[in-house]
Colleague: 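Quick one: the structure is below, questions incoming.
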Amino acid sequence: MKNRGKSDMRLALVLLFPSVFLVLLLVAYPMISNIKISFFDLPINPRLDATFVGLKNYTDILTDVEFIKSLGITVLYMILAVAGSTALGLAVAIFFNRPFKFRKAARSLIILSYVTPSISLVFAWKYMFNNGYGVINHLGVDVFHLFDKAPLWFDNPVSSFILVVLFAIWRYFPYAFISFLAILQTVDSSLYEAAEIDGASTWEKFKNVTIPAIMPVLITIITLRSIWLFYMFTDVYLLTNKVNIIGIYLYETAFAFNDLGKAASISVILFIILSIVIIASRKRVKFNGNG
Amino acid sequence: MKLKIMSVALIFVLSVVLSACSGSNKTGTDEIITIEFMHSSVEQERLAVINKLVDKFEKENPAIIIKQVPVQEDAYNTKIITLASAGKLPAVLEVGQDYAKVMDKEQLIDKEAVTETLEKAGEKDFYDGALKLMTPEDGKGYTGIPISGWVQGIWFNKDMLASKGFEEPKNWEDVLKVAKAFTDSGSKKYGIGLPTIEGGFSEQAFSQFALSNNANVLDVNGKLDMNKKAMKDALTYYKELAQYTMPGSNDTTEVKDAFMNGTTPMALYSTYILPSVHAEGDADNIGFAIPEQKTKAVYGTVSAITISSGLEDAQKEAAEKFTAFLSEPENMTDWVLMSPGGAQPVNKAVTENAAYQANEVVKSFGDLSTEIATSFNDIQVFGLVGGKNYTKMGDITSSGAISKLVNEITVGGKSVDGELEIAEKKIKDVLSK
């Protein structure tokens, strides 16, 4: 029996080897390489010598007011967009979790914003909010007379921020919608019937039946969407240059200022921040018995 | 035993996979050399022209295979940095004059090979303005072989201007008068389509006014020399002129749309407006003006073909051959005619080429085509001062400090003095690195 156990272990290791090898190659190697770069002043040309600068890149970044500002804007953007897209996705999923005419067609239409390439959506939004001929300004100024003059939507930092958050909520809520709809369809309807017999209100049914049932999916959506939005670049970069989120700060450091060492140190700092937040939130979820 | 066989099989499979991923420059026989050619012509019709050129070259040089790497213009510089950092920079690249400076600073260009090829191609046939833009800071050799270019100025609708008794605007004051006369913001009509976006377009547009007022970013010694009266006057003028353009940040789309749909009678734009004007059948009604203040300054840019540094001898030789092939007048003409009217010749042999002159779009603009081509010699750009083309200007442009300055004073309504100081500080930070 002992020999058999040993041989199984060897076989298991051999079978695991390709996966482990790929993880090391595709995840561990770039990570270690990135950490190494973060301690250097690295020229673009690999034939030129890199200069070891120790922790200078890290101290420069952590003392840069622009970095702190970018981080703050990113966190706010992430919280609002995650909360908004998750809440909207859940609300629409609950609404769609019942039979009605053209349900399938309506579901397909809802996921359009998620499956359409960012660039097309961004251009559509930019045209909609164009200062000269945008439909929003036409409605606001000429039809409903809400404003005397068309607001400069993407030129004002506050309105730009609100718009990029709204864009993210609208663009990403279908992901939450699909996930919630899938799990809502597995909830036993007898639980709602029992709650009804007990005299539970709609809110109480939602709180005591729906939320516990969808909790695993809810946690997954919030975690994944937070990570994705924390590193967001394309949507915001294409929509406006008045919202300097961390993805744009990182891009500019690497590709506008060609400072690869500093860019590497930013990604290490972000990785640490995000890891701490995720580990802490997972622990809290487990502590509360929901994980 | 089974375990050994499995291990060997696994190693074999991995070796095959990894060797397949690694790629090879050689395709079976040692004599055949494959080199990569990176360019920004991703559109189908442009790719068709380049494919034809590549086929022609490969027929003439059967031992060389050209592997194309077409990259979107927006992602071009990012791709160069990524490939260069990985030591995988293509042997031959299309590059703009600004980024050529950044590449030169990083020693990514084989200037010796480029210069030799350009000399063989016939240096004297190229317009001086185009060559000036590709000259490195020390004035020795070239960073790329100009293949096409575009110039920028004020395009005006002759009929619209005539309707209010105006002729071609000659100087700052004329431009302002016309812009003022046509602006009626209540009816969404504006006097000029002016770039105000926080991006390269605004820096390019503003540079034309600043340089015509003898204000450059650097002085003859390459020192930062921005915060001076001539620059402040140019900024103040640009801010005033921006009152007569569409509200908000105007980029290429907004400026071109406004001019083409008749919202504005003037627009500051490159020659890339001409194909649309031709398509609208309005070629006779368009004029081109270079507003002059103290001097004449045309903003223009050159697209060049360059050879990357650090190549093996055989690859370098192949790269030189391909670059020389693209520099032949006939092939350069094909390249320029990928976008007739938009892309302009940078070589007299192309301007005089029968195929170029017979092109329908070029012909439709008549004398204007010649006027534009000769304006290459009046090109002035930030960082080119006293015959020296300072490399550090590439970093200044990449930092976005000047475009932010233009955007803040025009759209943000901020003060010229305050924003000039902010830009100056940002540029100093960039230059100190």
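No hydrogens, no waters, no symmetry mates; every other heavy atom, side chains included, goes into these values.
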Colleague: Select one option (side chain, backbone, both, neither) describing which atoms of B:Ser309 are under 4.5 Å from chain A's heavy atoms.
Modeller: both
Colleague: So, B:Asp74 and B:Lys79, do they make that salt bridge, N to O below 4.0 Å?
Modeller: no
Colleague: Examine whether an atom of A:Tyr127 lies under 4.5 Å from a heavy atom of chain B, and if so say whether it belongs to the side chain, the backbone or both; otherwise answer neither.
Modeller: side chain
Colleague: With the threshold set at 4.0 Å, does a side-chain nitrogen-carboxylate oxygen contact exist between A:Lys242 and B:Glu198?
Modeller: yes
Colleague: Side chain, backbone, both or neither: which part of A:Ala150 has a heavy atom under 4.5 Å from chain B?
Modeller: neither
Colleague: Just checking B:Tyr190 against B:Phe182, ring centres under 6.0 Å apart?
Modeller: no
Colleague: Between A:Tyr175 and A:Trp228, does the ring centre distance come in under 6.0 Å?
Modeller: yes
Colleague: Among A:Leu152, A:Asn130, A:Asp155, who wins on heavy-atom pairs under 4.5 Å with chain B?
Modeller: A:Asp155
Colleague: Mind ranking B:Val430, B:Asp395, B:Thr263, B:Asp257 by heavy-atom pairs under 4.5 Å with chain A and telling me who comes out on top?
Modeller: B:Asp257
Colleague: Shorter than 4.5 Å, heavy atoms on both sides: which option in B:Met103, B:Glu254, B:Gln107, B:Lys105 has the most such pairs with chain A?
Modeller: B:Gln107
Colleague: At a 4.5 Å cut-off on heavy atoms, which part of A:Leu260 comes close to chain B: side chain, backbone, both, or neither?
Modeller: side chain
Colleague: Shorter than 4.5 Å, heavy atoms on both sides: which option in B:Gly87, B:Pro247, B:Gly412 has the most such pairs with chain A?
Modeller: B:Pro247
Colleague: Please rank B:Ser185, B:Gly310, B:Gly400 by heavy-atom pairs under 4.5 Å with chain A and give me the top one.
Modeller: B:Gly310
Colleague: Measure A:Asn137 against the heavy atoms of chain B and call it side chain, backbone, both or neither at under 4.5 Å.
Modeller: neither
Colleague: Starting at OG1 of B:Thr82, measure out to CZ of A:Phe255 and round the result to the nearest 0.5 Å.
Modeller: 4.0 Å
Colleague: So how far is it from A:Ile73 CD1 to A:Tyr249 OH, rounded to the nearest 0.5 Å?
Modeller: 12.0 Å
Colleague: Any side-chain donor paired with an acceptor under 3.5 Å for A:Trp153 and A:Asn131?
Modeller: no
Colleague: Answer with yes or no whether the side chains of B:Ser40 and B:Gln72 bring together a donor and an acceptor at under 3.5 Å.
Modeller: no
Colleague: What part of A:Leu48 gets within 4.5 angstrom of chain B, counting heavy atoms only: side chain, backbone, both, or neither?
Modeller: side chain
Colleague: Is A:Tyr251 in contact with chain B via its backbone, its side chain, both, or neither, using a 4.5 Å heavy-atom distance?
Modeller: side chain
